[in-house]
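Here's the structure, in structure tokens; my notes come after.
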Amino acid sequence: MTEPKTKVRTAFTKDDRGILNNWAIEPKMYFDDMIDKKAEEKGDEQGVATEYAELLKGRLPLIGITLLVLAMIGITLVAIA
């Protein structure tokens, strides 16, 4: 039983002074066409947000910033008093 030989992937080089240069090995990319085919069969478009979701994504950050400003004003007024 002989095992198949696999190509060894190295993630470094060595220059003439012996200094190593390391980098990450990125995984191989692949695309899943089955998801696209299922969406085409249903007639759905991927990545399309509803109108409600778009409004919610726009309003929530504004509400958060407004509450932060009001909290900072409240803390300042309490510290002054």
Side-chain angles (χ1 to χ4, degrees):
M1 282 190 349
T2 59
E3 294 181 17
K5 294 183 179 181
T6 58
K7 184 178 178 184
V8 178
R9 295 175 61 187
T10 59
F12 65 91
T13 57
K14 196 172 186 180
D15 66 358
D16 54 348
R17 295 181 295 171
I19 298 174
L20 289 176
N21 182 11
N22 295 321
W23 64 87
I25 297 176
E26 295 182 2
K28 292 183 179 181
M29 299 292 293
Y30 67 94
F31 298 99
D32 193 6
D33 294 332
M34 292 299 292
I35 294 173
D36 294 335
K37 289 178 184 176
K38 288 179 184 177
E40 287 176 5
E41 289 173 2
K42 290 181 181 178
D44 297 337
E45 294 183 31
Q46 288 183 335
V48 177
T50 63
E51 207 171 307
Y52 175 72
E54 289 178 3
L55 286 174
L56 192 63
K57 287 181 183 180
R59 289 182 182 162
L60 285 179
L62 287 174
I63 292 170
I65 291 170
T66 304
L67 289 176
L68 179 66
V69 168
L70 290 175
M72 293 302 293
I73 291 172
I75 290 171
T76 304
L77 291 176
V78 169
I80 292 174

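When reading the values below, keep in mind they use all heavy atoms of this one structure, side chains included, and skip hydrogens, waters and symmetry mates. This chain uses plain numbering: 1 for the first residue, then up along the sequence.
With I63 as the partner, the side-chain contact (heavy atoms from CB on, under 4.5 Å) test is satisfied by one option alone out of I65, T66, L67: L67.
Atom CD1 of I73 is separated from atom CG of L68 by 10.0 Å, given to the nearest 0.5 angstrom.
L77 and V69 end up in the same hydrophobic cluster when Ile, Leu, Val, Met, Phe, Trp and Tyr side chains are linked at under 4.5 Å.
Taking a 4.5 Å side-chain heavy-atom cut-off between Ile, Leu, Val, Met, Phe, Trp and Tyr, the cluster of L56 extends to Y52, L60.
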